[in-house]
Amino acid sequence: MTVRRVAIGGVFFVTVLIAAVLAREGRDAQPLPGPPLRALAAQRGIAIGTAVRGIEQRNNRAYRELIAEQFSSVTPENEMKWYALEPHRGRFTYNYADMVVDSARKAGQQLRGHALVWFDQLPRWLIGLGSDELRAATENHIRQVMGHYAGRVGVWDIVNEAILDHGGLRRSPFLDKLGPGYIGEAFKIAHAADPKAKLFINEIGAEGINAKSDRLYEIARGLKASGAPIDGVGFQAHLNLRGVPTTFVDNMRRFEALGLEIHITEADVALRLPVTAGKLRGQAGVYRRIVDDCLAVKACKSLTFWGFTDSGRSWIPETQPGMGAATLLDEQLKPKPAFFSVQRALGG
Ligand code: XIL
């Protein structure tokens with residue numbers, strides 16, 4: 001082979017390599033107009049966050065850049081769930097979660113760890129355990145995970161979605177085998193594992209004053225009264241065009257009165273597809289209310305959206321067929337009316 005052919009071959013190889021990397025990485029993000037949400041939120045004294053998908057963040061440059069530019073807090077969407085971190089008993093796989101954590105630290109972002117004790121997305125091995133084994137496995141899981149992230153993940157959802165809509169406790173291996181005391185136990189173990197972390201109880205559908213939030217309140221008050229190390233309560237705020245419950249602010253205030261910090265942890269506003277201009281306007285109005293309600297309550301220190309773009313597989317159609325388009329940016333990462341509405345509300 002001549003030198004020339006080797007050189008041509010080399011150039012070809014490098015070109016293909018660059019093309020492949022570019023194809024995987026995608027383009028730079030189109031800059032979003034106006035000040036970044038994180039700058040506006042900082043002026044109001046709150047963190048503004050998003051759920052992040054680790055694989056997307058690694059592979060898609062525009063997605064990655066927008067997270068760093070717009071948000072001051074990050075929650076791994078699935079990477080810190082039990083099935084992801086401890087798929088086999090006692091064998092922990094931190095690689096995807098670590099990727100999200102490392103990127104967040106580079107971008108100067110806070111991290112919300114999500115979620116340690118939850119009925120869903122559990123590994124198979126856990127389901128069949130008897131009560132003594134489950135207690136030991138739960139303690140070990142919380143200790144190992146919080147120990148691994150001590151000093152890096154400042155806030156944790158310790159117990160997630162423990163309550164049913166009518167106010168009863170939700171069945172799970174934890175409730176069934178450890179009894180209702182599992183909630184308080186989890187907080188104690190968590191505090192021992194990382195005394196500096198802020199520990200939250202997180203709930204879905206408890207935004208308004210209703211049977212579920214009444215029970216959440218009783219649990220939070222009981223934990224406080226018994227000296228359990230609970231720092232805050234998370235309201236997920238998975239909403240739709242029915243809007244924000246009118247009692248959201250009053251509800252947050254009763255938790256504030258217990259001395260708890262409040263985070264809105266998973267806000268999104270699902271639309272029935274197809275999207276229309278009218279629905280997008282309605283969605284912008286609901287987003288504005290979410291921001292305004294958080295700003296109206298002193299203890300509300302963090303507002304996280306459950307994703308910021310309608311691109312990629314969303315969690316909503318999995319659970320609510322026919323619904324979607326719930327976030328601030330469209331599938332091309334272009335701002336929807338909801339984005340400008342959040343920007344204005346924060347800039348207020
Ligand atoms: C969802 C994720 O967004 C999906 O990707 C996954 O398939 C299922 O879980 N409440 C929670 C979140 O606390 O962890 C859920 O996230 C959405 C509802």
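Order of listing sets the numbers, starting from 1, for every ligand and every atom in it. None of these values were measured; they are calculated from a predicted model.
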Trainee: Give the atom numbers and elements of ligand 1 that come within less than 4.0 Å of a heavy atom of E161.
Mentor: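 Matching atoms, with element in brackets: 10 (N), 11 (C), 13 (O), 18 (C).
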Trainee: Just jot down the side-chain hydrogen bond (donor to acceptor under 3.5 Å, both in side chains) partners of H141, sequence neighbours excluded, or say none.
Mentor: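 For H141, the residues satisfying side-chain hydrogen bond (donor to acceptor under 3.5 Å, both in side chains) (neighbours in sequence not counted) are W82, E86.
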Trainee: If the cut-off is 4.0 Å to any non-hydrogen atom of W118, which atoms of ligand 1 fall inside it?
Mentor: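 Under 4.0 Å from W118, ligand 1 has these atoms: 14 (O).
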Trainee: If you have a sec, work out which protein heavy atom is nearest atom 5 (O) of ligand 1 and how many Å separate them, to one decimal?
Mentor: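 Answer for atom 5 (O) of ligand 1: N78 ND2, 2.9 Å.
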Trainee: For residues 173-184, which residue pairs pass the salt bridge (Lys or Arg N to Asp or Glu O under 4.0 Å) check, not counting sequence neighbours?
Mentor: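 Sorted result for residues 173-184: R171-D176.
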Trainee: Checking H148 against D98: is there a side-chain donor and acceptor pair closer than 3.5 Å?
Mentor: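 Yes, H148 and D98 have a side-chain donor paired with an acceptor closer than 3.5 Å.
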Trainee: Would you check if the side chain of N251 reaches a backbone N or O of A206 as a donor-acceptor pair within less than 3.5 Å?
Mentor: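 It does hold such a pair.
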Trainee: Given E266, E203, Q121, H114, which one has a non-hydrogen atom that is nearest to atom 18 (C) of ligand 1?
Mentor: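 Minimum heavy-atom distance to atom 18 (C) of ligand 1 goes to E266.
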Trainee: Give me the residue, atom name and distance of the protein heavy atom closest to atom 15 (C) of ligand 1.
Mentor: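 Checked against all protein heavy atoms, atom 15 (C) of ligand 1 sits closest to K81 NZ, 3.8 Å.
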Trainee: Give me the ring orientation class for H114 and W118: parallel if the planes are under 30° apart, tilted from 30 to 60°, perpendicular past 60°.
Mentor: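 Plane angle between 30° and 60°, so tilted.
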Trainee: I need the minimum non-hydrogen distance between I67 and Q57, along with the two atoms involved.
Mentor: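 In this case the closest contact between I67 and Q57 is CD1-NE2, 4.1 Å.
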Trainee: Give the atoms of ligand 1, by number and element, whose distance to some non-hydrogen atom of Q236 is under 4.0 Å.
Mentor: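 Selected atoms, number and element: 10 (N), 11 (C), 13 (O), 18 (C).
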Trainee: For N160, which part has a heavy atom under 4.0 Å from ligand 1: side chain, backbone, both, or neither?
Mentor: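 The answer is the side chain.
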Trainee: How close does the nearest protein non-hydrogen atom get to atom 7 (O) of ligand 1, and which residue and atom is it?
Mentor: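 Result for atom 7 (O) of ligand 1: E318 OE1, 3.3 Å.
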Trainee: Determine, for Y63 and R53, whether the Lys NZ or Arg CZ falls below 6.0 Å from the six-membered ring centre while staying within 45 degrees of the axis.
Mentor: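 No, cation not above the ring by the 6.0 Å, 45° rule.
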Trainee: Which pair of heavy atoms, one from A338 and one from Y287, lies closest together, and at what distance?
Mentor: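 Closest approach of A338 to Y287: CB-CD1, 3.5 Å.
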Trainee: Could you tell me the residue and atom name of the protein heavy atom closest to atom 2 (C) of ligand 1, and the distance to it rounded to 0.1 Å?
Mentor: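 Of every protein heavy atom, E77 OE2, 3.4 Å lies nearest to atom 2 (C) of ligand 1.
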Trainee: If the cut-off is 4.0 Å to any non-hydrogen atom of R53, which atoms of ligand 1 fall inside it?
Mentor: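 Matching atoms, with element in brackets: 5 (O).
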Trainee: Give the residue and atom name of whichever protein heavy atom lies nearest to atom 4 (C) of ligand 1, and the separation in Å to one decimal.
Mentor: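 The closest one turns out to be W315 CB, 3.6 Å.
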